[in-house]
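Have a look at the structure below before the remarks.
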Protein chains: 2
Amino acid sequence: MTEKKNISIKDVALRANVSTATVSHVINGTRFVSNETKQKVHFAMNELNFRINSVARSLRSRKSYIIAFLAPILASETSNFYFMSVAAGVQSVLKQRGYHLILSDSSDNVEAENKEISMFDSQMIDGLIVAPASRDCDYEQLFGDYPVVYIDRVPNHCERDSVLIDNKTVTKEATQRILDKGHHKIAFLSGPLSVTTTIERYEGYSETLMNAGLELDDSLTCFEEVSFENGYRKMGDLLEKNPTAIFVTDNVMAMGAMTYLQDHSIRIPDQLAVVGFDDVQWTRVTHPPLTVIQQPSFQLGVKTAEVMLQRIEDGTSGKEEHRLKANLIVRQSL
Amino acid sequence: MTEKKNISIKDVALRANVSTATVSHVINGTRFVSNETKQKVHFAMNELNFRINSVARSLRSRKSYIIAFLAPILASETSNFYFMSVAAGVQSVLKQRGYHLILSDSSDNVEAENKEISMFDSQMIDGLIVAPASRDCDYEQLFGDYPVVYIDRVPNHCERDSVLIDNKTVTKEATQRILDKGHHKIAFLSGPLSVTTTIERYEGYSETLMNAGLELDDSLTCFEEVSFENGYRKMGDLLEKNPTAIFVTDNVMAMGAMTYLQDHSIRIPDQLAVVGFDDVQWTRVTHPPLTVIQQPSFQLGVKTAEVMLQRIEDGTSGKEEHRLKANLIVRQSL
DNA sequence: TTCATTGAAGTAAACGATTACTTACTATAT
DNA sequence: ATATAGTAAGTAATCGTTTACTTCAATGAA
């Protein structure tokens, strides 16, 4: 290991015949420096190929310009495109404002998630954006001294800002639409009820059915760990109950379900009407194209990043809830 | 802004009646400390709710445990799933070894990319994994004093390790297979020839045709900026040349192309045989399911992370080229 | 001439860890 | 009794910035 000496502000100062304070102020524009001196400093920086040491800067200024994003991004090789797209939205804002994004995967598993959280200390990150894996975890004691914004879902005792999708409204809208098409036996396939997102969606579904005077039939609903395989398998199970329509509230599940339907040559929407979740691209190339609820995933990321930066820059805290509206995209599967 | 004093190793030392050196050694296990003292230190750390300051640690130890990944991950809202999956692979290894991953987007645009690179200084990251946007950029002068590994593609003058897909072999294999099915007019739709990946794929395609004694017909090949829309549009254009098969070397392009074919009720594979790239999930739900070349994207990330960590830990450098084999997944579109 | 004011830049103490070098003590060998 | 080695832990310099405080010279007012 060659121990390389780094070019520091000190070297620059020496070369330019000024003090380190002056160099620092030139770099940051934090106080007036005569043009003459500025030029000397810039010249020296170029000559020495000086690169500022952001770690030292962070240490002193207590600011790292790094935001962490903790979500079930990589649950498996079959990544979750929804959160990837959310991450993209977050990134696009942060990048513009000179922040970096650290991506962390929670695998939707509380232990893994808590371990990740405790790996971040307060100096390392300026803020944390998290899609909590559990509703019952006491997150507050885990967090460091940085702003936190919940995204997509919230835990039971939420003491922070949150940016969410208006799940209930949109699922009500979609369910009503399915009803309007004359369906009575509407199956509901989703992930486990352990996250608020799913709960809200189920509420939208069930309340709409009840408002329509229909009985809730538990054998038509299915809450299973999210995976392509489970979507495939459970689609088969649900089909035995003879629904005329199905509402799948997760895109990975939906893909599994659609594959099952295709493998068994079920005609959509004649034999079974299908409504999916997330306007991911594959929903456009199925046969027929899928009617889906489009979550503004990228926008969700954008909004969250904005809320985060606001908190950081104001130095305030609070627990505002932001809801983004989702839309029904009608294609030919309903 | 409340100026909060952080609990430092010094506070712990004071509370436990030991020196800061001892506390540090207890934390890192870097020298023997009697059990009695260890306990005092742990007790004090708990009492004070001490969290180590990783920034200070990085400054002194010149190690940040952060790796940056720079690739066209978020080109647009229609994210590139391939690199997302690669990122997942990288992450899975780094996480295990206690490293963090910073995600950066190059948008496949040299200026944006160079700007990102210069935002990383040598103290901030321990290594850089990059899918270079251009072949002609002199990257060496941009890089800081950290190991660099190229992933998926390399620039013209490559002075670093690289982890790549064996594009030529697999495209030869696929093209041969198309030929074996009796096709002579095989269209080729891909991204621009500005990255080695595309070049290698085109080489595989053209060499195979030539070896088969066929003339290369330029009107059957198309190199266009990657996007869903371009895939859709160019599929239409190519179709006018009456190919009997098409090879699309990018999954986003392929999705556009497939949508065009579906919109125009072209029967696959009767009217047109199709081979795509990347075994992304939507290729399983098209009608019919798509025959594709499966790139081991997750594995590519894994391998790259391993190469990176090896370099970091050995403190060595070099320019080894690693190639991962891709496979043809035969479904019903060919 | 003297004193206050202003402008431009310098001095040096943090930030919170790591670690080479010392020290203080105990146990054993001569 | 004294030298020697070995054990456990302490001292303080250092990493490269930022920034409160200080300095020095020039200007203008009294």
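A, B, ... follow the sequence lines: proteins, then strands. Residue 1 opens every chain.
Counting to the nearest Å, the C1' atom of dG16(D) and the CG atom of Asn6(A) are 9 Å from each other. Counting to the nearest Å, the P atom of dA17(C) and the CE atom of Met124(A) are 14 Å from each other. Computed from coordinates, the Lys10(B) NZ to dT18(C) P distance equals 14 Å when rounded to whole Å.
Residues in residues 298-307 of chain B take part in no salt bridge (charged side-chain N to carboxylate O under 4.0 Å, His left out) pair, two or more places apart or across chains. Pairs of residues two or more places apart, or lying in two chains, that qualify as ring pair (Phe, Tyr, Trp, His ring centres under 6.0 Å) and include a residue from residues 86-122 of chain B are His100(A)-Phe120(B), Phe120(A)-His100(B), Tyr65(B)-Tyr99(B).
Judged purely by distance below 3.5 Å, without hydrogens or angles, the side chains of Asn114(A) and Tyr139(A) never pair a donor atom with an acceptor atom. For the residue pair Arg311(A) and Ser317(A), no side-chain donor N or O sits within less than 3.5 Å of a side-chain acceptor on the partner. Using modelled atom types and a 3.5 Å distance limit, the side chains of Asn6(A) and Ser8(A) yield no donor-acceptor pair. For the residue pair Ser58(A) / Ser64(A), no side-chain donor-acceptor distance below 3.5 Å is found, with atom types taken as modelled.
Distance from the side chain of Ser34(A) is smallest to dA9(C) among dG16(C), dC15(D), dA9(C). Considering only side-chain atoms of Ile9(A), the nucleotide from dA17(C), dT17(D), dA9(C) that sits closest is dT17(D). Of the candidates dG16(D), dG16(C), dT18(D), the closest approach to any side-chain atom of Arg57(A) belongs to dT18(D). Taking every side-chain heavy atom of Ile52(B) into account, dA17(C) is the closest of dG16(C), dA17(C), dT18(D).
Taking 4.5 Å as the limit, every side-chain heavy atom of Ile102(A) sits out of range of all side-chain heavy atoms of Leu70(A).
Electrostatic pairing of Asp126(A) and Arg62(A) does not count as a salt bridge here, judged by no charged N lying under 4.0 Å from a carboxylate O. In this structure, Arg57(B) does not pair ionically with Asp121(A), as no charged nitrogen and carboxylate oxygen lie closer than 4.0 Å.
At a cut-off of 3.5 angstrom, counting only N and O atoms as typed in the model, there is no donor on one side facing an acceptor on the other between the side-chain of Arg31(B) and the base of dA8(D).
Relative to the axis of its first five pairs, the axis of the last five pairs of the helix from dT1(C)-dA30(D) to dT30(C)-dA1(D) sits at 70°, rounded to 10 degrees.
Contacts with DNA chain C (heavy atom under 4.0 Å) in residues 35-48 of chain B: none are found. Residues of residues 14-27 of chain A that place a heavy atom closer than 4.0 Å to DNA chain D, in numerical order, are Ala21(A), Ser24(A), His25(A).
With sequence neighbours excluded, no residue forms a side-chain hydrogen bond (donor to acceptor under 3.5 Å, both in side chains) with Gln39(B).
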